[in-house]
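Numbered from 1 within each chain, the chains take letters A, B, ... in sequence-line order.
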Protein chains: 2
Amino acid sequence: MVGRPQNDQARQTILRRAADIASQDGLEGLSIGRLATDLGLSKSGLFGYFGSKEELQLATIRTATAIFLDEVVKPALAAPPGLSRLRLLLDNWLSYSERRVFAGGCFFASANAEFDARPGRVRDALTTAARDWNRLLTETTHEARARGELPAETDPDQLAFELVAFLQAANAASLLHDDPTAYHRARTAAHARLPTP
Amino acid sequence: MVGRPQNDQARQTILRRAADIASQDGLEGLSIGRLATDLGLSKSGLFGYFGSKEELQLATIRTATAIFLDEVVKPALAAPPGLSRLRLLLDNWLSYSERRVFAGGCFFASANAEFDARPGRVRDALTTAARDWNRLLTETTHEARARGELPAETDPDQLAFELVAFLQAANAASLLHDDPTAYHRARTAAHARLPTP
DNA sequence: CCTACCGATCGGTAGG
DNA sequence: CCTACCGATCGGTAGG
């Protein structure tokens, strides 16, 4: 088994574009023929990289996950566990959505809504990614409370649910209503739920 | 111009089924051929009711809106404007999502996420429906404050944003993670934001 | 990686 | 409302 650096680079170019298309038109609306034309490849040439549409969808989810980790999670891990890290996770997420890192807003908001009522491997991969993100936010909230940075009566699971809700609502409102003030509302809501810095 | 009661009844049967399919597979995944087969009609027979796929999508949105009004809004208008009506709107919405009035959860959560990055008449119709719902919730929150049922320092627009966020998050989590406790979290979050009854 | 092709399905039409 | 059909596009394959 040898690596194929040139192919891997082409694969990443394809998948980065695929993630943008999927964030706008859905993972099902992502067609192999259109993706190939966009990138100046033949359809069967592009098809050869993945072997099936489902594998293309799964690979696109993996690429989107890597981008999400780079944009949102990793920069927040520079802060110590607890409240400061929690604040960074929230701020980075809102920035990631607002800057349209994916052309159609948060990739996972689109894909989750598309597949949440369809069983299969794609849905399973999205469920896992969402669970990892929720778990990170929940654990970080627990750490903040354990360090005495949140009131002792705080329910960390409940707080994490509410914080995630604000993020999702801002992304959805900003896309559907072209309403950039939704991000301000989400920041206001999150800050009100956390001690003043 | 005479009415066509028999046709209208058939139309409503078609559109009720279309709304269920769209809530699961999307308004684009709603295909005329599949819908016709499901209902035991010929494809062109069904096509004749609407004239184009886009008109079918728009008619499906109108039917889903009527169902939403019947399930969520009208029963809440029985209560006087203000806090009690606001509570009913929230409770009815969570019940509407939890009971799976549409097979794939909230019709609008699915459709909005699908079309929020695609311009056109379908998106415009969804934007209008969402704006009407947000406006109703916001105005009801204003009324509650004006009646002294909410603290004077409450920002009604901000509060309405947060309450809608809890509803959407419960619907999304319950679908993606088969997690019925999300509805409990949303109720807890909403009640904590409102005065104890 | 390509051209050329497959059967299935898409939205939509002709004609009755 | 039907049968029969249209061109376009879908995912996928054969063969090189």
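Here the C1' atom of nucleotide dG12(D) and the CG atom of L46(A) are 13 Å apart, to the nearest Å. Atom-to-atom, CZ of F50(B) to P of dG11(C) comes out at 13 Å; the value is rounded to the nearest Å. Counting to the nearest Å, the P atom of dC10(D) and the NZ atom of K53(A) are 8 Å from each other. Whole-Å rounding puts the L39(B) CG to dC1(D) C1' distance at 14 Å. As a whole-Å value, the separation of L41(B) CG from dC2(D) C1' is 11 Å. Rounded to an integer number of Å, the gap from CZ of R34(A) to C1' of dA8(D) is 16 Å. Distance K43(B) NZ to dT13(C) C1': 10 Å, rounded to the nearest Å. Rounded to whole Å, the distance from CD on E54(A) to C1' on dG12(D) is 14 Å.
No hydrogens or angles considered: a donor-acceptor pair under 3.5 Å links the side chains of Q158(B) and R185(A).
When atom types are taken as modelled, the side chain of K53(B) and the backbone of L30(B) share a donor-acceptor pair closer than 3.5 angstrom.
Each of dG12(C), dC1(C), dG12(D) was ranked by its minimum atom distance to the side chain of F47(B); first place goes to dG12(C). Relative to the side chain of S44(A), the nucleotides dA4(D), dC2(C), dG12(C) differ in distance, and dC2(C) lies closest.
Shown here, dA14(C) forms a base pair with dT3(D); the pair counts as Watson-Crick or G-U wobble because both key distances fall under 3.5 Å.
Taking the six-membered ring where the residue is Trp, the centroids of F107(B) and F68(B) are separated by 6.0 Å or more.
Using a 4.0 Å heavy-atom cutoff across all strands shown, S31(A) reaches sugar-phosphate atoms only and no base atom.
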- Task: Under the side-chain hydrogen bond (donor to acceptor under 3.5 Å, both in side chains) rule, what do S174(A) and R100(A) come out as? Steps first, then yes or no, please.
- Result: CA-CA 11 Å; S174(A) 115; R100(A) 300 287 187 257; 2.7 Å; yes
